[in-house]
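So you know, we letter chains A, B, ... as the sequences are listed, proteins then strands, and number each from 1. Remember, predicted model here, so these are calculated numbers, not experimental data. Basis for what follows: all heavy atoms, side chains included, without hydrogens, waters or symmetry-related copies.
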Protein chains: 2
Amino acid sequence: MFIKIEPGLDLPIYSQLVNQLVDAVARKKLTGGDTLPSVRSLAADLGMNMHTVNKAYHELEKKGIIRIVPKSGAIINDLTQLEISEIQLERISLEIRPLLTEAIVLGMEPADIINLTSAIISDIKGG
Amino acid sequence: MFIKIEPGLDLPIYSQLVNQLVDAVARKKLTGGDTLPSVRSLAADLGMNMHTVNKAYHELEKKGIIRIVPKSGAIINDLTQLEISEIQLERISLEIRPLLTEAIVLGMEPADIINLTSAIISDIKGG
DNA sequence: AGGTCTGTTATACTTTAAATATAACAAGTG
DNA sequence: CACTTGTTATATTTAAAGTATAACAGACCT
């Protein structure tokens, strides 16, 4: 797999795993219908515990990015041409808010923030 | 004070305090030169421990929003007409990135995200 | 000068989250 | 039938969050 985990970072390793899997979907290394490795095999791959991977998978399920079929496996959801749910939009807004507030307080103009946002989005898709 | 802390939330109470103080600066309830209450008095006010408030203040100092003068107190920095530092910009970008990635994966178009961002910024300033 | 308030530092403790370690179960798959 | 799957349960370790006291030294005020 294309996952690199760094223990000792300020971000928990299960969150790192979540972020990198979301990233992989954004970059289309993973796409709707693809299956994720079993929690056991991925845990072995990454040198971490089964339950840690399991926690990451359930986090991804909460986010609506994968579905978990008990006794079978985890599958990436097909979200193309599907409207984002109100709940997920609300959650993202709530998490993004304090960061935007901080940017404003530190002196960024709305236009600067929009430019930064656009640049990051391009990088996510392109890089 | 205009601070409301909710224990039992998934966000640590020292982070809640940080967020609400940043928010107060954004809304200009607090502005450059204003002093924050002492860690002891604010802790008593909010029914929390001195060290928890202290932790929040130091977090705000790392963010560049206040300065702490030992044996004296905490003062809001004057950041108007001051360029954001490269370090802070880098940190904000790094934290905002996974949220934007998630939005993309959940089907939002770049334009949608920009609109959402603009709306939140307006709300921060206006509300 | 004296007393109070300040942030700082240190120590100790409790509680919660993160992470690991095993083990067993029941259902899907070949 | 044998194997793999996610699930569940229990136990343990480590780190973070939060509280509780106490003492210190400089600032501040009368």
Salt bridge present between B:Glu61 and B:Arg67 (N-O < 4.0 angstrom):
no
Could you please name the option among C:dA18, D:dT7, C:dG7 that lies closest to any side-chain atom of B:Val39?
C:dG7
Measure from the side-chain N and O atoms of B:Ser41 to the backbone N and O of B:Ser38, and report whether any donor-acceptor pair falls under 3.5 Å.
yes
Go through the N and O atoms of the side chain of B:His51 and the base of D:dA17, and report whether any donor-acceptor pair is under 3.5 Å.
no
In whole angstrom, what separates A:Arg40's CZ from C:dT20's C1'?
15 Å
Which of D:dT5, D:dC28, D:dT19 is nearest the side chain of B:Ser72? It is D:dC28
Nearest-Å distance, NZ (A:Lys55) to C1' (C:dA21)?
16 Å
Considering only heavy atoms and no angle criterion, is a donor-acceptor pair shorter than 3.5 Å present between the side chain of A:His58 and the base of D:dT7?
no
Nucleotide C:dT16, atom P - distance to CD1 of B:Ile13 in whole Å
13 Å
Quick one: label B:Tyr14 by what it contacts on the DNA or RNA (base, sugar-phosphate, nothing), any heavy atom closer than 4.0 Å.
sugar-phosphate
Determine whether any donor atom in the side chain of A:Lys71 lies under 3.5 Å from an acceptor atom in the base of C:dG28, or the reverse, and answer yes or no.
no
Give a yes or no answer on whether the side chain of B:Asn49 reaches the backbone of B:His51 with a donor-acceptor pair at less than 3.5 Å.
yes
5' priority, DNA chain C, between B:Pro37 and A:Gly47 [closest heavy atom]
B:Pro37
Quick one: do A:Lys55 and A:Glu59 make a salt bridge, cutoff under 4.0 Å?
no
Distance check needed: C:dG7 P versus B:Leu60 CG, whole Å only.
13 Å
Strictly below 4.0 Å: does A:Thr52 bring a side-chain N or O up to OP1 or OP2 of C:dT20?
yes
Rounded to whole Å, CG of A:Asp10 lies from C1' of C:dA18 at a distance of 14 Å
Rounded to whole Å, how long is the line connecting atom CD1 of A:Ile5 with atom P of C:dA19?
10 Å
Is a donor on one side and an acceptor on the other found under 3.5 Å between the side chain of B:Ser15 and the backbone of B:Leu11?
no
Between P of D:dA17 and CG of B:Leu46, the distance in whole Å:
18 Å
Expressed in angstrom and rounded to an integer, what is the separation of A:Met50 atom CE from D:dT4 atom P?
15 Å
What's the closest nucleotide to the side chain of A:Asn49 if the choices are D:dG18, D:dG6, C:dT20?
C:dT20
In terms of the nearest nucleotide of DNA chain D, which residue is placed more toward the 5' end: B:Leu11 or A:Ile68?
A:Ile68
